[in-house]
Amino acid sequence: MYKDTNCGEPRESAAGSQITVAGWVHRRRDHGNLIFIDLRDRSGLLQVVFNPKYSEKAHDLAGSLRSEWVVQVTGKVVTRLPGAENPDLPTGMVELSATDLVILNRSVTPPFEVSDEVEVDANTRLKYRFMDLRRPRMQEILKLRHEVIHIMWDYLTDKGFTQIETPILIKSTPEGARDYVVPSRVHPGNFYALPQSPQQLKQLLMVSGVERYFQIARCFRDEDLRTDRQPEHTQLDFEMSFVHQDDVMTIVEELYTRIVKETSPDTEISAPFPRLTYAESMERFGTDKPDLRFGMELTTITETAATSDAQVFQAMASSGGSIRGFSVPGCGDYGRRQTDNLTEFAKSSGAQGLVFIALDESAASIDALENDHIRSPLKKFLSVDVVKKIATEMGAEPGDLMLIVAGTEKLVNTVLSNLRNEMAKRLEMADPKQIAFAWVYDFPLFEWDEELKKYEPAHHVFSSPKAEHMDYLETNPGKVIGFLWDLVCNGSEMGSGSIRIHDKDLQTRLFNIIGYTEDQISDRFGQLLTAFTYGAPPHGGMGLGLDRLVAILAGEDAIREVIAFPKTQSAVDPLFEAPSPIEDQQLEDLHIRVVMPKS
RNA sequence: GGUCCCGUGGUGUAGCGGCCUAACACGCCUCCCUGUCAAGGAGGAGAUCGGCAGUUCGAAUCUGCUCGGGAUCGCCA
């Protein structure tokens, strides 16, 4: 070993001992006859002093050191002179009085400082990711991610799960997301696809009698990127036989509670996780991934609003539309600029417009509300009584701002849930220390696709319908509820699970409802259906996004921050400059001809 | 594919029609310095302002296109 001690370790108790450390020169403070080096390794910083009194040779050599050089230092741990301690450093009571210095490697001037302080341009960070990852914050995140995975392995192993790898080269399944595809050399014109998830494979493993499988699985989707979406992401993928919905949820709940407690002890987490049905979630929050860290729940006021003289409301109510809204506490004093801005925001989410009713805080109560207390673009069509009634329904108080949207139910929900999150963000209503998990269950199995004019699976085709809804499968698919659920956290989807179908005939019925032909079914799912005829046990499981979990634990918005080598928004790796053209010979071997798009 | 924001020495920013021969901080280089820890002091190097085209007497600054980054809608079973 080049070192016997890590930089971050020495304390006062080590004073007097002879140690050897190795690491990177973090900072150099050269006083001429006395040189200080902050030496950094993964464990932290240690101040090294080069004093010619103890070693002329080491001191001379130390004068040439520069940032990020790699060195090995031997010396004696000494307590610092009184008054020279650094309370900001864990090792700040001591320093290493160097007697020997070995330069293991030099560094050219780094493109940016290895420090958490500086915010460096995203592209530069990725181009020099190996430098970026040296920053303490990034090191911390890498360790956090490892720790999360470690706990998963431990916990699931304890619970009798077996980790099994599934192929990365598998078969393309054109439904769902676009596949990443790999050409076959041996079979001209044929392609593998990278898995979007190991869904069918893990179900096959259940048929194989594994009973409890898990994998930290890489999943690939060739779709546009977002803050929380990368072309490849990692899932905790697991599957269990002979279980019901609750059994699966319990496993995840225990595991995730443990992860939060062990990795982020300061965090507030409510266990057991609140459970709400899909219908309830849509009604209260307008979304299937509600952020439960704050209130501002939605209220339906269609009937009350229709009794007003406002044309918009009357027309919407009579045409079967929905009028809903919520009350924002303390924003009754919003001026024109702010309300205009909110209207614009609502429009960007697809709303025709946004109706606000501002209640002046000088009113003693909602009952005591008078005309002068009310501000609204629809004021002349809204009687004081109607406003009182709406305010009561929404639970608004004087000084609040009520935001109301009218339209189809789907649109109203989309707009309002976006608005709700936006208001919470602007008002900083979410406690950053809180991690609010929740289960949303009883999802409908199918969603009507307006463009394709057909039913599409809400999550995927393998989820089991509830027994009491079997009869609707062909007659009214939209009504069928499945054993299908999501884990949500702080307003984002963390994973999705279901009890799967394990019966060939039932699975075939579902494929039919989605409109697959016999050929498509046997081509894409033949292996699964065949397996089902050989004694498939009832089973269910989940796929849970690891990147998003780690991001939330780390307090980051972008999963890019918790992936060692992520890609930019245009799916490029600036470090390797991937993707890139390949050699003509490679193309030839693969029987591929490139046709560039006409620009 | 659409919309929005950003692009100025190595890094982070300022400048937003002429005071720009581009400013500041950090970093870098040279020298001085025995108690610093974002060390200090003196001096120095480093940028055709992402690229192209245009408007203008004059463009870092305005316009268009384009490239790159980011946010978002579509997309993401």
Side-chain angles (χ1 to χ4, degrees), chain A residues 26-39 45-54 59 63 66-68 78 80-89 91-92 95 97 107-128 131-132 173-179 195-197 199-200 219-231 233 344-345 347-350 414 418 422 443 445-447 449 451 455-463 484 493 496 498 510-511 514 516 524-525 543 545 557-558 560 567-570 572 574 599:
Chain A
H26 188 65
R27 237 181 275 277
R28 172 183 59 115
R29 292 177 292 281
D30 189 343
H31 291 225
N33 257 319
L34 196 62
I35 300 171
F36 297 96
I37 298 290
D38 289 336
L39 192 66
L45 292 177
L46 178 66
Q47 173 162 284
V48 181
V49 202
F50 294 93
N51 190 330
K53 212 167 87 188
Y54 301 118
H59 176 268
R66 294 294 181 269
S67 286
E68 301 308 315
V78 296
R80 293 198 188 185
L81 297 177
E85 303 91 349
N86 184 350
D88 297 332
L89 233 50
T91 59
E95 62 194 9
S97 181
S107 167
V108 296
T109 301
F112 48 82
E113 198 188 335
V114 176
S115 143
D116 294 334
E117 261 83 292
V118 222
E119 278 219 15
V120 183
D121 168 70
N123 206 34
T124 311
R125 287 181 61 194
L126 292 187
K127 191 169 170 190
Y128 295 93
M131 296 300 290
D132 190 40
T173 48
E175 74 278 1
R178 207 172 288 112
D179 283 320
Q196 296 180 26
S197 89
Q199 183 62 35
Q200 285 196 61
C219 304
F220 305 87
R221 289 168 196 186
D222 185 6
E223 295 291 348
D224 287 350
L225 288 83
R226 287 289 186 283
T227 305
D228 60 355
R229 272 161 36 191
Q230 284 271 317
H233 78 283
E344 211 171 290
F345 181 87
K347 282 181 176 167
S348 75
S349 294
T414 305
N418 286 347
E422 178 66 17
F443 268 81
L445 228 41
F446 303 101
E447 274 168 3
D449 189 312
E451 257 176 53
Y455 281 101
E456 289 279 304
H459 278 62
H460 59 57
V461 254
F462 309 109
S463 301
L484 176 55
E493 185 190 322
S496 156
S498 67
L510 266 91
F511 288 141
I514 299 161
Y516 289 157
R524 298 173 193 175
F525 309 105
D557 289 329
R560 197 188 319 121
K567 300 196 174 38
T568 67
Q569 199 160 58
S570 56
V572 165
S599 52

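Order of the sequence lines fixes the chain letters, A, B, ..., with proteins taken first and strands second; residue numbering starts at 1 for each chain.
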Opposite nucleotide pairing with B:rG68, Watson-Crick or G-U, both atom distances under 3.5 Å: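 Base-paired to B:rC6.
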Which sits closer to the 5' end of RNA chain B, A:Gln569 or A:Thr109, going by the nucleotide each is nearest to?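 The answer here is A:Thr109.
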Tell me, for nucleotides 4-16 of chain B in 5' to 3' order, what letter each nucleotide earns: B for a base near a protein heavy atom under 4.0 Å, S for only sugar-phosphate near one, - for neither? ------SSS----
B:rG27 to B:rC19 separation - C1' atoms, rounded to the nearest Å: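 Looking at atom C1' only, B:rG27 and B:rC19 are 30 Å apart.
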Does B:rC24 have a Watson-Crick or wobble partner in any strand here, with both distances under 3.5 angstrom, and which is it?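 B:rG12 - that is the nucleotide pairing with B:rC24, both distances being under 3.5 Å.
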With a 4.0 Å limit, can you tell me whether A:Thr227 has a side-chain N or O closer than that to the phosphate oxygens OP1/OP2 of B:rG70?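 Checking B:rG70 against A:Thr227, no side-chain N or O comes under 4.0 Å of OP1 or OP2.
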If I pick the P atom on B:rG68 and the same atom on B:rG50, what distance separates them, to the nearest angstrom?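 Roughly 16 Å separates the two P atoms.
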Identity of whatever pairs with B:rC49 - Watson-Crick or G-U, under 3.5 angstrom: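 Checking every strand shown, B:rC49 finds no partner, since no pair has both distances under 3.5 Å.
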For the base of B:rC76, is there a side-chain donor-acceptor partner from A:Arg229 under 3.5 Å away?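 In this structure, the two groups form a donor-acceptor pair.
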For atom P, what is the distance between B:rA59 and B:rA53, given to the nearest Å?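 Approximately 13 Å lies between the P atom of B:rA59 and that of B:rA53.
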Round to a whole Å and report the spacing from NZ of A:Lys347 to P of B:rU3.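 Nearest whole value for this atom pair: 18 Å.
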In whole angstrom, give the distance that lies between atom NE2 of A:His59 and atom P of B:rC33.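 After rounding, the gap between these two atoms is 11 Å.
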Starting at CZ of A:Phe345 and ending at C1' of B:rU3, how long is that distance when rounded to a whole Å?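 Checked: the CZ to C1' distance equals 14 Å.
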Do the side chain of A:Asp179 and the main chain of A:Thr173 share a donor and acceptor less than 3.5 angstrom apart?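 Checking the backbone N and O of A:Thr173 against the side chain of A:Asp179, a donor-acceptor pair under 3.5 Å is found.
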Could you work out, with salt bridge (charged side-chain N to carboxylate O under 4.0 Å, His left out) as the rule, every residue matching A:Asp132, not counting sequence neighbours?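 A:Arg125, A:Arg129, A:Arg135.
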Decide if atom OH of A:Tyr516 counts as having more than 12 heavy atoms of other residues, nucleotides or ligands within a radius under 6.0 Å.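 Yes, because the 6.0 Å sphere around OH of A:Tyr516 holds more than 12 heavy atoms from other groups.
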Relative to the 5' end of RNA chain B, which residue comes earlier, A:Ser348 or A:Gly176, by the nucleotide with the nearest heavy atom?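 Comparing both residues, the 5'-ward one is A:Ser348.
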Nucleotide forming a Watson-Crick or wobble pair with B:rC19, both distances under 3.5 Å: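 Its partner is none (no Watson-Crick or G-U wobble pair with both distances under 3.5 Å).
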Test for a donor-acceptor pair under 3.5 Å between the base of B:rC29 and the side chain of A:Arg66, counting only N and O atoms.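 Per atom types, no contact qualifies.
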Just checking, any donor-acceptor pair under 3.5 angstrom between side chains of A:Arg29 and A:Gln47?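 Yes, because at least one side-chain N or O of A:Arg29 sits under 3.5 Å from a partner of the opposite role on A:Gln47.
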Please measure how far the C1' atom in B:rC26 lies from the corresponding atom in B:rC73, and state the result in whole Å.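 One C1' to the other, the span is 39 Å.
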Report which part of the nucleic acid A:Arg560 touches: base, sugar-phosphate, or nothing (heavy-atom distance under 4.0 Å, all strands).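 Here A:Arg560 touches the backbone only, sparing every base.
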At under 4.0 Å between heavy atoms, what does A:Ser197 touch on the DNA or RNA strands: base, sugar-phosphate, or nothing?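 Answer is base: heavy atoms of A:Ser197 come under 4.0 Å of a base.
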Roughly how far, to the nearest 0.5 Å, is CG of A:Leu45 from OG1 of A:Thr91?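 Answer for the OG1-CG pair, A:Thr91 versus A:Leu45, is 6.5 Å.
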Can you tell me how far C1' in B:rG7 sits from the matching atom in B:rC16, rounded to whole Å?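 14 Å, rounded to whole Å.
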Could you check whether the side chain of A:Asp224 and the base of B:rG74 have a donor-acceptor pair of N or O atoms closer than 3.5 Å, going by distance alone?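 Under the 3.5 Å cut-off, the side chain and the base do form a donor-acceptor pair.
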Partner lookup for B:rG43, please. Criteria are Watson-Crick or G-U wobble with both distances under 3.5 angstrom; report none if nothing qualifies.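 In the structure as shown, B:rG43 has B:rC29 as its Watson-Crick or wobble partner.
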Can you establish whether the number of heavy atoms outside A:Asp557 located under 6.0 Å from its atom CG is more than 12?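 Open: at most 12 neighbouring heavy atoms sit under 6.0 Å from CG of A:Asp557.
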Just to verify, what does A:Glu223 make a salt bridge (charged side-chain N to carboxylate O under 4.0 Å, His left out) with, not counting sequence neighbours?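 Counting only residues at least two positions away or on another chain, A:Glu223 forms a salt bridge (charged side-chain N to carboxylate O under 4.0 Å, His left out) with A:Arg178.
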For B:rC33 versus B:rA38, give the span between their P atoms, rounded off to a whole number of Å.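 My reading of the P atoms in B:rC33 and B:rA38 gives 24 Å.
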Taking only the C1' atom of each, what is the distance from B:rC49 to B:rU21 in whole angstrom?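 Pairwise C1' distance, B:rC49 against B:rU21, rounds to 15 Å.
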What is the distance from CG of A:Leu126 to P of B:rG68, rounded to the nearest Å?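 Rounded to whole Å, this separation is 15 Å.
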OP1, OP2 of B:rC73 versus side-chain N and O of A:Arg226: anything below 4.0 Å?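 A:Arg226 to B:rC73 OP1/OP2: side-chain N or O found under 4.0 Å.
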Mind checking the P distance from B:rA47 to B:rG41? Whole angstroms is fine.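 Looking at atom P only, B:rA47 and B:rG41 are 26 Å apart.
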Whether each nucleotide of nucleotides 34-42 of chain B has a protein heavy atom under 4.0 Å at its base (B), only at its sugar-phosphate (S) or at neither (-) is summarised, 5' to 3', as BBBBSB---
Qualifying residues under salt bridge (charged side-chain N to carboxylate O under 4.0 Å, His left out), relative to A:Glu422, sequence neighbours excluded: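 With neighbours one apart ignored, the set is A:Arg426.
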Assign the ring pair A:His31 / A:Phe36 to parallel, tilted or perpendicular, where the plane angle (0 to 90°) is split at 30° and 60°.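 Because their plane-to-plane angle is over 60°, the rings of A:His31 and A:Phe36 count as perpendicular.
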Output all residues satisfying side-chain hydrogen bond (donor to acceptor under 3.5 Å, both in side chains) with A:Ser570, sequence neighbours left out; order by chain, then residue number.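 Expected list: A:Thr568.
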Please check if the side chain of A:Arg66 supplies one atom and the backbone of A:Thr109 the other of a donor-acceptor pair under 3.5 Å.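 Side chain of A:Arg66 to backbone of A:Thr109, a donor-acceptor pair under 3.5 Å: no, none is there.
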